[in-house]
Amino acid sequence: MKSIQKEIHETNVEKGWWEGYPRNEDGTVVMTADQILAKLALVHSEVSEALEDARVGAMKTTFEANGKPVGFPSELADVVIRVMDLSHALGI
């Protein structure tokens with residue numbers, strides 16, 4: 001599990017999701033309570049998107065014209081990605 005967390009976090013760092021966050025000597029991210037709450041709000045938004053997909057019956061992954069996956073399964077994956085990313089960042 002830790003290796004998957006690390007891979008997810010490294011990918012998100014490359015994408016700029018963690019730009020401007022200082023790090024401790026052990027590599028964990030230094031975050032204020034408000035910053036952690038903001039990251040948790042992003043998890044909540046992914047759960048809300050999954051809820052809406054379930055409500056309208058979008059239970060299969062489809063792809064937008066630009067290739068972005070949408071639908072209930074991809075929203076659940078986004079929840080997992082955000083939780084694992086934050087967990088790794090905080091050394092959990």
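Just so you know, these numbers use all the heavy atoms, side chains as well, and skip hydrogens, waters and symmetry mates.
In terms of modelled atom types and a separation under 3.5 Å, the side chain of Q35 and the main chain of T32 share a donor-acceptor contact. Without hydrogens or angle criteria, D26 side chain to T28 main chain gives a donor-acceptor distance under 3.5 Å.
The number of heavy-atom neighbours closer than 6.0 Å to CD of E7, taken from other residues, nucleotides and ligands shown, is 12 or below. Taking a 6.0 Å sphere around NZ of K68, one finds it holds more than 12 heavy atoms contributed by other residues, nucleotides or ligands. In the displayed structure, E64 atom CD is contacted under 6.0 Å by more than 12 heavy atoms of other residues, nucleotides or ligands.
Residues meeting the side chain to side chain donor-acceptor pair (under 3.5 Å) test with D34, sequence neighbours left out: none.
Among pairs with a residue in residues 29-68, none fulfils ring-ring contact (aromatic ring centres under 6.0 Å, His included), at least two apart in sequence or across chains.
Under the 4.5 Å side-chain heavy-atom criterion for grouping Ile, Leu, Val, Met, Phe, Trp and Tyr, V30 is not connected to I36 through any hydrophobic cluster. If you chain together hydrophobic residues whose side chains sit under 4.5 Å apart, M1 and I8 fall into the same group.
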Return a table of donor-acceptor pairs under 3.5 angstrom between the side chains of residues 72-92 and protein atoms on other chains or two or more places apart.
{"residue": "S74", "atom": "OG", "partner": "G71", "partner atom": "N", "Å": "3.3"}
{"residue": "S74", "atom": "OG", "partner": "G71", "partner atom": "O", "Å": "2.9"}
{"residue": "R82", "atom": "NE", "partner": "E46", "partner atom": "OE2", "Å": "3.2"}
{"residue": "D85", "atom": "OD1", "partner": "H9", "partner atom": "ND1", "Å": "2.6"}
{"residue": "D85", "atom": "OD1", "partner": "W18", "partner atom": "NE1", "Å": "3.1"}
{"residue": "D85", "atom": "OD2", "partner": "N12", "partner atom": "ND2", "Å": "3.2"}
{"residue": "D85", "atom": "OD2", "partner": "W18", "partner atom": "NE1", "Å": "2.9"}
{"residue": "S87", "atom": "OG", "partner": "V83", "partner atom": "O", "Å": "2.8"}

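Summarising the geometry, atom CG belonging to D53 is positioned 11.0 Å from atom OG belonging to S48; distances are rounded to the nearest 0.5 Å. Remark: R23 CZ to M31 CE distance equals 10.0 Å, nearest 0.5 Å.
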